[in-house]
2 protein chains.
Amino acid sequence: MSKKVICIISGGMDSALSAMMAKDKGYEIIAVHFNYGQLTEKKEKESFHKIADFLDSTIRYDIDLDFFKSIATSALMDTDIPVPTGGLTSGVPVTYVSFRNGIFISIATALAEKHNAVAIIVGVVEEDSSGYPDCTQDYIEAMQKAINLGTKDSTLISIKTPLIHMNKSQIVREALFLGVPLEYTWSCYKNSDKACGVCDSCRLRLKGFEEAGEKDPIEYEIL
Amino acid sequence: MSKKVICIISGGMDSALSAMMAKDKGYEIIAVHFNYGQLTEKKEKESFHKIADFLDSTIRYDIDLDFFKSIATSALMDTDIPVPTGGLTSGVPVTYVSFRNGIFISIATALAEKHNAVAIIVGVVEEDSSGYPDCTQDYIEAMQKAINLGTKDSTLISIKTPLIHMNKSQIVREALFLGVPLEYTWSCYKNSDKACGVCDSCRLRLKGFEEAGEKDPIEYEIL
C-alpha cells in the first residue's frame, strides 16, 4: 500500500504541480481544499475537484471555513478592496489573508494525524511570489517544528514545499513535463469567467509561461 | 486607550484565570471561543459568555468550526469513544483532539493581526495536565516563532501562557485571589447537568481545590 500525503490544493498551478510531483513519486494523494470566503471560491472549488479527480484522490476534503470572513479582511475576500492590477510592488499586498497558511497547515496537520499521512504538501513559492510572509522557507521550517512538538510522539509529519525555491518558468516547465492538467487550474484573484491577466497572480503566471516559451491553455480577458 | 489581547477562553478554569490575569494588568480582552463539535459545546459556550461578560469583553468571537468533526476524532467529540474515568494515566489520552491548539492559535493569530492585539493569551498547563502535546512550553515557543515569521513584519504578537508552569492548586488559589467567577466555569469532559467528578479534567480540578484547601463552587454528580 502506498504512503499517503495530504495535499493542500487551491485550484491554482503551484499546488496542482506540487500534488502531481507527489503522485509521480507514488504517493496516495489526500486532496484538501479550503473555502475561506475568497471571491473566486466557486472557480477554485471547480478546479480543485477536477485536479483531485485527475490525481485519483478518493479521499478528499472540501472544507468550508465560514468563520474566515469574520477574522480576516483581504482584497481576495472583500469586493470593497480593489484587487491591484498595476503590477507587483514590494511589501505585503492587500491580497494578503492573515496567517492563512498557518490555519490551513494546522488543519492539514490534524488530517495527517488522522490518516497517518507522512507529509503535508504545500505549493508555496518564495521567490516569484506575491510577497506573503506565510509562504517562506523560514516560516515553513518554524511551522514544521511546531507540528513536531504539538502532535503525538508517534506522529511524524513532514511539510514538503517542492516549489518553494522555483521560479514561475521552472514551475510551468515542470508542470508541462509531468502532464499537470493546467487547463483545469485557476490562478486569477478576480471573480470572472476568464482570468483577468493583470492581477498579481495572473501576471506571475503569464510571466512564467512567457519565460518558459509556452502558451497558457486557459483564457484571459486581456489577451 | 488600553492595549488589546486575544484571549482564547474555553469556559474552563484555566483559560478564565489567564484572561483575568490579563484584565488585572489593564489589558482590553477580546474573548474568543471555539465550538469544534465537543460534546460539552453548549455548557462551554454558556460559560464562555458569562466569563466574557464578567471581563467586559465587548469584542467577542464565538466561532463555529463545523469542519472539525470531519478532521479529528476524540472522546471529547464522539459518544462512541468513552471518556476515561479511572484516573490519569501516562501517554496521550483518547480525549486528545489532534493539533487543536495549533488550529486555535492560528485563528487567534489572524484575529490578533486584525485587531492589532499585542498578545494571544492561552490557558495551557504543562505540569498538572492531561498530557496533550500541544499544551507544552516547547510547542508554544515553536508556534511563537512560526507566528513571528508567518505574519507581517509590522505585526508583533506574543503568545502568553501565564499558567503553563503552575499546578492546579496554584491555579485555584490565584483564581480565588483575583476573583475569577469559578462558579461560571465548566471543566468536565462529559455532557451532563452536573460535572461528573471522575473524568481527567474533573479529577485535576478537584485535586487543585483539595490541595488548595478550598471548596469548588460548582456541583458534582459524585460528591
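In what follows, chains carry the letters A, B, and so on, assigned in the order in which the sequence lines appear, proteins first and then strands, with residues in each chain numbered from 1. Heavy atoms only: backbone and side chains are in, while hydrogens, waters and symmetry mates are out. Treat the numbers as computed from the prediction; the structure is a model and nothing was measured.
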Look at atom [atom1] of [X] and say whether more than 12 heavy atoms of other residues, nucleotides or ligands are closer to it than 6.0 Å.
{"X": "A/Tyr27", "atom1": "OH", "result": "no"}
{"X": "B/Lys42", "atom1": "NZ", "result": "no"}
{"X": "A/Tyr36", "atom1": "OH", "result": "yes"}
{"X": "A/Lys23", "atom1": "NZ", "result": "yes"}
{"X": "A/Lys145", "atom1": "NZ", "result": "no"}
{"X": "A/Lys43", "atom1": "NZ", "result": "yes"}

Quiz item: Between atom CZ of A/Phe67 and atom CG of B/Leu111, what is the distance when rounded to the nearest 0.5 Å?
Solution: 9.0 Å
Quiz item: How many angstroms lie between atom OG1 of A/Thr109 and atom CZ of B/Arg100, to the nearest 0.5 angstrom?
Solution: 15.0 Å
Could you tell me which portion of [X] (side chain, backbone, both or neither) has an atom closer than 4.5 angstrom to a non-hydrogen atom of chain B?
{"X": "A/Ile103", "result": "both"}
{"X": "A/Leu65", "result": "side chain"}
{"X": "A/Thr73", "result": "neither"}

Exercise. Look at A/Met143, A/His115, A/Glu141 and state which one has the largest set of heavy-atom pairs under 4.5 Å with chain B.
Key: A/Met143
Quiz item: If you tally heavy-atom pairs under 4.5 Å against chain A, which of B/Tyr132, B/Tyr61, B/Phe104 wins?
Solution: B/Tyr61
Practice problem: Name the option with the most non-hydrogen atom pairs under 4.5 Å to chain A; the candidates are B/Ala72, B/Ser106, B/Ala142, B/Ala110. | Solution: B/Ser106
Quiz item: Which pair of heavy atoms, one from A/Pro133 and one from B/Lys152, lies closest together, and at what distance?
Solution: CG-N, 3.8 Å
Practice problem: Give the minimum heavy-atom separation between A/Leu149 and B/Asp138, together with the two atoms involved. | Solution: CD1-O, 3.3 Å
Practice problem: For residues B/Ile107 and A/Ile71, determine if any side-chain heavy atom of one lies less than 4.5 Å from a side-chain heavy atom of the other. | Solution: yes
Quiz item: Are any side-chain N or O atoms of A/Lys114 and backbone N or O atoms of B/Ser70, one a donor and one an acceptor, separated by less than 3.5 Å?
Solution: yes
Quiz item: Could you go step by step and tell me if B/Thr151 and A/Tyr96 meet the side chain to side chain contact (heavy atoms under 4.5 Å, CB included) rule?
Solution: CA-CA 10 Å; B/Thr151 52; A/Tyr96 170 62; 4.1 Å; yes
